[in-house]
Number of protein chains: 2
Amino acid sequence: MDETDKKILQQLQRNSKLTTKALAADLGLSATAVYERIRRLERNGMILGYVARIDPVKVHLDFRVFCQVKLSQHVQHQIRTFEKEVDQLKEVVSCYHLGGEYDYLLEICVRDMAAYREFMVSKLTLIPQIGSTHSAFVINTVKQTHELPL
Amino acid sequence: MDETDKKILQQLQRNSKLTTKALAADLGLSATAVYERIRRLERNGMILGYVARIDPVKVHLDFRVFCQVKLSQHVQHQIRTFEKEVDQLKEVVSCYHLGGEYDYLLEICVRDMAAYREFMVSKLTLIPQIGSTHSAFVINTVKQTHELPL
DNA sequence: GCTGAAAACAAATTATG
DNA sequence: CATAATTTGTTTTCAGC
C-alpha cells in the first residue's frame, strides 16, 4: 500500500466507473500498471466490492432512526441470539455494540413514522433479549458518506 | 419504478459489476431493455453513482466512535457554521441532526484511540459552537450495510 | 418499452523490454 | 513498470416491432 494505491482507492471509493485509462492518465502511469494494482487491491481484500449508491429520498426510504438497545441479560448466548436476529432485519442498516449506558446502537431506515412504528411493534420488540430501547429520530442529514478518510 | 426496476436496484446496490447481460438473464429480459432501465434510473437520480467498498480493517481505519454534540447556542447562523465545519472534517463519515437531548450525532472513523484523541483536541473541539460532547466507542460492528431495504 | 444485431469501447491477457 | 498487440466481453447505438 503505497501512495499510488491510496490514490487509486480514494478515486474508486468516489467513482468506481472510472476507467483504468482515466486513472492511469491522472496518476501518470500506464493502464496496465493501474489495472494490476486494482486487481491486487481486490485480491488483498482491500476492495470488498463495487456497489451502486441509491438516493433514499427518491425511493422513499428517508426516515432514519437511531435506536439504542439495552439487553435484559448479558449471557453469551443471549448476545449471540440478539445479534443474529438483528442481522436478519433489513430495516436495520447498521448495528454496533457500544460502550456506555446502552449496549447497542441500531441505525434504522424506513419509509416514515408509521413504518417505524410497525417495525418496532412487529419486528424489533419481538426479540425477547431486549430489555429497553430509546429511539432518536433524524431531523436532518448533515453529512453521509461511505468514503473512508484514507 | 416498477418491480423490475426495484430488482435491478437491489442487485446493483449489492454488486454494481453485474453485467447487463447477467441481469437480463436473471430478469428474463433482453440486455438492451435492462440497459435502458439502468440509464433511466441514473438520469432520474435514483442511482447516485457507483463506488468501491473498502475494508476499514485492511486500511487500519477501524476505530469507530459515535460522538453526540450539544451546541452552546441555537441561533441559525451558529447551526449553519457548525454544520459547514463538520462537513469538512474527513474523519466524520456521517452527521445527523437529531431530536432528543443532544443536537447532533457524529459518526467518526479513525485509526485508533490516539488518532481519536488527536481529532477531538485539534479538530472537533476547536469548533466554537460546540457546548458539550459525549463519545461512545464501538466495541464490535454487528452489522453494517449501505443497502437500502427496497 | 421491448428485441436482436451491429458498432464502439474497455477489460483482460500475453509478449517484450 | 512501460509499451504494444490481441482476445474477449461489455456497453452503447440503431432499426424495427
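Below, each value reflects all heavy atoms present in this structure, side chains not excepted, and no hydrogens, waters or symmetry copies. Being a predicted model, the structure only gives us computed values, none of them experimental.
- Rounded to whole Å, the distance from CG on Asp2(A) to P on dC1(D) is 7 Å.
- Atom CG in Leu27(B) sits about 15 Å away from atom P in dG1(C), given to the nearest Å.
- Residue-to-nucleotide contacts include no donor-acceptor pair under 3.5 Å from the side chain of Thr19(B) to the base of dG9(D).
- Among the protein residues, Thr20(A) comes within range of the sugar-phosphate backbone only, with heavy atoms under 4.0 Å from sugar or phosphate atoms but none that close to a base.
- Rounded to an integer number of Å, the gap from Arg39(B) CZ to dG1(C) P is 15 Å.
- Counting only heavy atoms from C-beta on, Thr32(A) has its side chain closest to dT14(C) among dT3(C), dT14(C), dC1(D).
- Atom P of nucleotide dC9(C) and atom CG of Leu18(A) are separated by 18 Å, given to the nearest angstrom.
- The closest side-chain donor-acceptor pair between Asp112(A) and His60(A), if any, does not fall under 3.5 angstrom.
- Annotation: side chain of Phe63(A) is in contact with side chain of Tyr116(A) (closest heavy-atom distance under 4.5 Å).
- One can place OH of Tyr35(A) at 5 Å from P of dA12(C), the figure rounded to the nearest angstrom.
- Atom pair Leu23(B):CG and dT3(C):C1' shows a separation of 17 Å (rounding to whole Å applied).
- Within the 4.0 angstrom heavy-atom criterion, no nucleotide atom of any strand lies near Glu36(A).
- Remark: Arg40(B) is in phosphate contact with dG1(C), judged by side-chain N or O atoms under 4.0 Å from OP1 or OP2.
- When the P atom of dA5(C) is taken as reference, atom NZ of Lys21(B) falls 13 Å away, rounded to whole Å.
- A straight line from OH of Tyr50(B) to P of dA10(C) spans 17 Å, rounded to a whole angstrom.
- Within a 6.0 Å radius of NZ in Lys84(B), no more than 12 heavy atoms belonging to other residues, nucleotides or ligands are found.
- Taking the nucleotide of DNA chain D with the nearest heavy atom to each of Ala31(A) and Lys17(A), the more 5' of the two is matched to Ala31(A).
- In this structure, Phe66(A) has its ring center closer than 6.0 angstrom to the ring center of Tyr96(B).
- Side-chain heavy atoms closer than 4.5 Å link hydrophobic residues (I, L, V, M, F, W, Y) into clusters, and following such links, possibly through other members, connects Val142(A) to Ile108(B).
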